[in-house]
2 protein chains.
Amino acid sequence: MTRARGRDGGPAAPRGVDVARAAGVSQKTVSRVLNGERYVSVDVRRRVLEAADRLGYRLNTAARALASGRSRTIGVVALGTALYGPASLLLGVERAARDAGYALSVVNTLEGDQGGVGGAVQSLLERGVDGIVVSEPIDEDADPLASEVPVLVLGAPAGTRTGERTIAAGVDSEALARAATEHVLDLGHPTVHHLAGPERWFAARDRLAGWRQALAARGREQPPVAEGDWSAASGYAAGRRLAARNDLTAVFAANDDMAVGLISALTDAGLRVPQDVSVVGFDDIPLAAYVRPPLTTVRQPFDAVADEGLRLLVHAIENPQAELPTAQGQPVELVVRSSTAPPPARADSGPLRHTVRPLAGEAHAPPAA
Amino acid sequence: MTRARGRDGGPAAPRGVDVARAAGVSQKTVSRVLNGERYVSVDVRRRVLEAADRLGYRLNTAARALASGRSRTIGVVALGTALYGPASLLLGVERAARDAGYALSVVNTLEGDQGGVGGAVQSLLERGVDGIVVSEPIDEDADPLASEVPVLVLGAPAGTRTGERTIAAGVDSEALARAATEHVLDLGHPTVHHLAGPERWFAARDRLAGWRQALAARGREQPPVAEGDWSAASGYAAGRRLAARNDLTAVFAANDDMAVGLISALTDAGLRVPQDVSVVGFDDIPLAAYVRPPLTTVRQPFDAVADEGLRLLVHAIENPQAELPTAQGQPVELVVRSSTAPPPARADSGPLRHTVRPLAGEAHAPPAA
DNA sequence: CTGAAAGCGCTAACAA
DNA sequence: TTGTTAGCGCTTTCAG
């Protein structure tokens, strides 16, 4: 068992004892100083710090973890996707973890992976993580979240309790979806179609539920749901099918990428957005304001969600006996741009929609609901 | 030093010795089996595996790291951004690392961070990582990549050697940028403007250099360079300025996001893409085919780059004495869609560009260069 | 093919 | 306020 040395067999890395010797104190005192414990005289502290600096000392986290039973590492189970939502959430988690003094260990589970989330959690536990965050969860068999460390589920609606040591945090995406749907209804549309995400995702189900609620609350008809896989390509495919429907005046897409694909398909089918069909997206991706037409969409406060979730997780880690806290839910925002407008005037029904009409000015007040 | 137990003081986690006892062998033998070493009888191996499984044994990586001096963890320094390119690269790295049996520890450096990449590298070294990958590097002061473990710099052109134990891997983005530029030139444009990324990024500088090369090779004029920050918003701002220029018939944007913003600004200024101005992007983001017009762009093989880079890194980790290997460079692809076309016919110069022309059919052969 | 002993560098408990 | 003494659970010699 050789001590760590440079590739060329250079000098071994300095250890706590080396620093202790150099500073003329015991090794334990070095440990105390480095951990910011109380009861060290300023003088000793100064000497130790100085010696550590001089020797280029670096704490050995493996030894620390072994001795203390804590690794100061948080494991993250992410879906292997470059989608804006999940990626943003991950970014927020990393920053929050770093601020709290934790490192991040990331495992991706590609959809369809054998073992999936459960396997990923196990591998993280083996890695000795102090807590786990599951980002944007999808459905899984059995109780894959069984874990001896606290688990934060990000992207589930706030307050959901999915397991014994599980905390949930996320935006209230049902409310968001409701807001998006109502916005369109308020514009005077008789009903709104929905282009959903994959059913296995919580996020997709929440948005679907919110859409249903909004329609039900006003007694509107619920058209059949189209389903995509979050990609623009799937949005395009769904758009081709939807374009064939006679009653289509508005669509709420479960994310912006699908909304863009959808608009592309509608345009190819000769329909104009928003004059003929209104489209609402979800996420407010950075491109949303720059596509044509600029997307009306719902903005999620990814950073706030990640921040709050991680604070709760760290609290649970550091107070194992305490009750698990509950997330508050974060405020959200509907960003109205130009992809939504009042429905086309029409002789109540019939295939009038290709009629050329003058561009509707902003002055057109939406008819009362 | 208490052994790890459940929150409620439940039973301690089983250790190697426990498995050994249960299997009637020594602890060392357990270790041998678990590490897949040779010289263990099938019978013993079976018994050990069985006992481990029965007890729910999990190897303690901290202890392993402490004893062996290796953590089987690779540290990643990422730029804290949800941009498609960096995010895709990170995904590829994670998968490749996992395949090679390494865990990933991720640190983000927000641009402008104090300490920046250097600090991030130090914190990873403290974490005991066996190797480091710096993704999409940007300029830094001094030699921040000084490290006793091998470092893979992803996104620098293949073959670049930036530090003592540094491996570089990436696509040849200069060649890519050249290809994009030449494509437009081949269409008959007298020259191409460039909307560059932030100067501090290697990626931005490479693309800029490739563009210059292509123009220089044909003796074309090099118009002044516009610079953005990769965002669609910055592309829009640059577009407003470019739209005012009289000689604008084509722009090569350093990424797709900026290209989309650019097109949006050009459209707002009354210019049509591609009839009046051609636009080429870079990255082939998933939305590229679904914006209007569908983007002609350059596709980067993120996965292949990550794969190759990580293979080299792992090789360097596991063969400390060996020469550092060199990356090959990956094949790339120009994806021609509809945002590029021959330049507008014009009376040699003058503000003719708003003239309404019939839509150019595909049959228009580009004039020879 | 298998086992015994000796650490890896740190923190936890207890003294002083 | 500081030091002493035991380990944490593994891997690494080196002997069988």
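Throughout, protein chains are lettered first and strands after them, A, B, ... in sequence-line order, and every chain is numbered starting at 1.
At C/dC8, none of the side-chain N or O atoms of A/N60 fall inside 4.0 Å of OP1 or OP2 (strictly under the cut-off). Under 4.0 angstrom from either OP1 or OP2 of D/dC10 there lies at least one side-chain N or O belonging to B/Y57. Of the side-chain N and O atoms in A/R15, one or more sit less than 4.0 angstrom from OP1 or OP2 of C/dG9. Regarding contacts with the backbone of C/dT2, every side-chain N or O of B/S26 stays at 4.0 angstrom or more from both OP1 and OP2. Taking 4.0 angstrom as the limit, A/S31 places a side-chain polar atom (N or O) nearer than this to OP1 or OP2 of C/dT11.
In the model, A/S71 has no side-chain atom that pairs as donor or acceptor with a side-chain atom of A/R127 under 3.5 Å. Inspection of the B/R15 and B/Q27 side chains reveals no N or O donor paired with an N or O acceptor under 3.5 Å.
Ion pairing of A/R54 with A/E50 is absent here, as no side-chain N (NZ or NE/NH1/NH2) approaches a carboxylate O to less than 4.0 Å.
Ranking D/dT1, D/dG9, C/dT11 by closeness to the A/S41 side chain, first place goes to D/dT1. Residue A/S68 has its side chain nearest to C/dT11 when only C/dT11, C/dG3, D/dC10 are considered.
Between B/R32 and B/A63, it is B/A63 whose nearest contact on DNA chain D lies nearer the 5' terminus.
Qualifying salt bridge (charged side-chain N to carboxylate O under 4.0 Å, His left out) partners for B/R95, counting only residues two or more places apart in sequence or in other chains: B/D99, B/D303, B/D307.
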